[in-house]
Amino acid sequence: MTENTPSTHTPEPRQVPDWIPAFPVLAPDSADLPPHHDHCLGCGPANPHGHQLRARRDAHGVHAHHRFDSRHVGAPAIAHGGAVATVLDELFGLLLYTVGEPAVTRHLAIDYLAPILLDTPYTLRAHIHARDGRKLHLQATIENDHAHVITTATALFLTVDVNHFLTHNTPPHTDNTP
Ligand SMILES: CCCCCCCCCCCC(=O)SCCNC(=O)CCNC(=O)[C@H](O)C(C)(C)COP(=O)(O)OP(=O)(O)OC[C@H]1O[C@@H](n2cnc3c(N)ncnc32)[C@H](O)[C@@H]1OP(=O)(O)O
């Protein structure tokens with residue numbers, strides 16, 4: 001179909017995905033925070049390419065224990081920086097369970113202080129540094145098992161309403177013709 005051909009397709013009514021209204025403030029307890037949705041790259045249990053990150057609330061924010069594996073290799077034996085960024089972005093996304101409002105990443109900055117090794121346990125922590133209206137200023141660290149901080153991150157998340165997700169909630173594009 002060319003750009004000028006009128007579409008005869010009637011769009012399906014937009015469904016509000018289950019995971020959007022189910023975004024409450026969850027109190028600190030011993031349970032893992034729920035994934036955003038099953039196929040989320042960062043936390044989805046049904047995404048075989050994902051990190052399947054599990055995090056818990058604590059008195060300061062959230063924390064997680066995580067190992068990168070051979071799927072995330074950059075330099076030999078070292079995690080790819082983009083994979084590390086994905087996991088930190090996800091941890092911030094799970095930190096939203098302490099806010100109870102949908103928000104998305106506007107800015108993410110990372111200092112890689114030392115390599116993150118594959119198949120090695122790390123502890124990740126994130127907390128809300130400050131809130132200014134829609135702006136959530138977030139901070140995170142990755143520590144090795146000697147409690148040395150080897151990665152730090154800051155992020156600006158902006159709260160959004162449900163329409164942010166509905167606007168882009170279209171079926172996957174499967175026609176690859178130019
Ligand atoms: C169900 C829940 C699931 C939520 C979780 C779902 C899964 C989470 C996964 C992890 C998180 C992700 O990867 S989220 C996916 C990656 N991120 C995205 O796709 C977001 C793409 N970006 C956008 O859609 C848009 O830029 C928005 C919605 C973020 C913001 O657009 P906007 O609403 O028009 O905002 P805008 O007016 O430009 O800026 C708002 C205010 O922020 C300030 N501002 C903007 N940028 C900066 C900046 N770098 N530093 C300081 N301040 C800034 C502006 O000056 C302004 O201040 P003032 O004038 O108001 O004072």
Side-chain angles (χ1 to χ4, degrees), residues 11-29 31-58 60-69 71-72 74 79-112 116 122-143 151-173:
E12 296 292 327
R14 290 283 165 79
Q15 300 285 322
V16 177
D18 291 344
W19 53 278
I20 294 180
F23 205 76
V25 175
L26 295 179
D29 60 27
D32 288 344
L33 294 167
H36 293 117
H37 58 87
D38 280 352
H39 294 277
C40 177
L41 175 66
C43 63
N47 187 335
H49 308 292
H51 293 271
Q52 303 179 348
L53 188 70
R54 297 281 171 273
R56 293 184 175 192
R57 279 205 66 174
D58 57 32
H60 308 288
V62 294
H63 67 273
H65 302 288
H66 193 63
R67 292 173 187 251
F68 294 87
D69 62 42
R71 295 171 302 163
H72 315 123
H80 195 290
V84 175
T86 298
V87 168
L88 285 165
D89 193 27
E90 184 59 38
L91 189 70
F92 286 134
L94 293 169
L95 182 61
L96 298 177
Y97 282 116
T98 72
V99 177
E101 296 171 52
V104 291
T105 319
R106 176 65 174 246
H107 182 77
L108 176 64
I110 299 174
D111 278 309
Y112 299 91
I116 292 195
Y122 291 99
T123 300
L124 296 76
R125 303 180 196 281
H127 68 276
I128 299 171
H129 174 67
R131 177 165 187 170
D132 174 15
R134 292 178 59 207
K135 294 175 238 179
L136 303 171
H137 298 273
L138 312 178
Q139 296 181 343
T141 58
I142 301 178
E143 298 169 18
T151 312
T152 62
T154 59
L156 174 67
F157 272 52
L158 294 176
T159 61
V160 292
D161 66 25
V162 167
N163 288 326
H164 174 91
F165 300 100
L166 299 182
T167 302
H168 308 290
N169 189 29
T170 52
H173 178 74

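Read the numbers this way: they start at 1 and go in the same order the structure lists the ligands and their atoms.
Residue contacts with ligand 1 include Ala103, since one of its heavy atoms falls under 4.0 Å from the ligand. For Arg134, the heavy-atom gap to ligand 1 drops under 4.0 angstrom. Within the 4.0 Å heavy-atom cutoff, Phe157 counts among the residues contacting ligand 1.
The only member of Leu91, Thr123, Leu88 that meets side chain to side chain contact (heavy atoms under 4.5 Å, CB included) when paired with Ile142 is Leu88.
When Leu108, Leu156, Thr105, Val99 are checked for heavy-atom proximity to atom 18 (C) of ligand 1, Thr105 turns out nearest. Looking at His37, His137, His164, Glu90, it is Glu90 that brings a heavy atom closest to atom 9 (C) of ligand 1.
Closest heavy-atom contact between Thr154 and Gln139: CG2-CG, 4.2 Å.
Taking 4.5 Å as the limit, some side-chain heavy atom of Leu156 sits within range of a side-chain heavy atom of Lys135. You'll find the side chain of Leu33 stays beyond 4.5 Å of the side chain of Cys43, heavy atoms only. By the 4.5 Å heavy-atom criterion applied to side chains, Phe92 and Leu108 are counted as neighbours.
Relative ring orientation between His72 and His66 is described as tilted, the plane-to-plane angle lying within the 30° to 60° band.
Inclusion of Arg106 in the set of residues having an N or O under 3.5 Å from an N or O of ligand 1 is warranted. Distances between N or O atoms of His36 and those of ligand 1 include no value under 3.5 Å. For Lys135, a nitrogen or oxygen atom sits less than 3.5 Å from a nitrogen or oxygen atom of ligand 1, counting backbone and side chain alike.
Without hydrogens or angle criteria, Gln52 side chain to Pro45 main chain gives a donor-acceptor distance under 3.5 Å.
Of all atoms in ligand 1, listed by their number and element, those nearer than 4.0 Å to a heavy atom of Pro102 are 1 (C), 2 (C).
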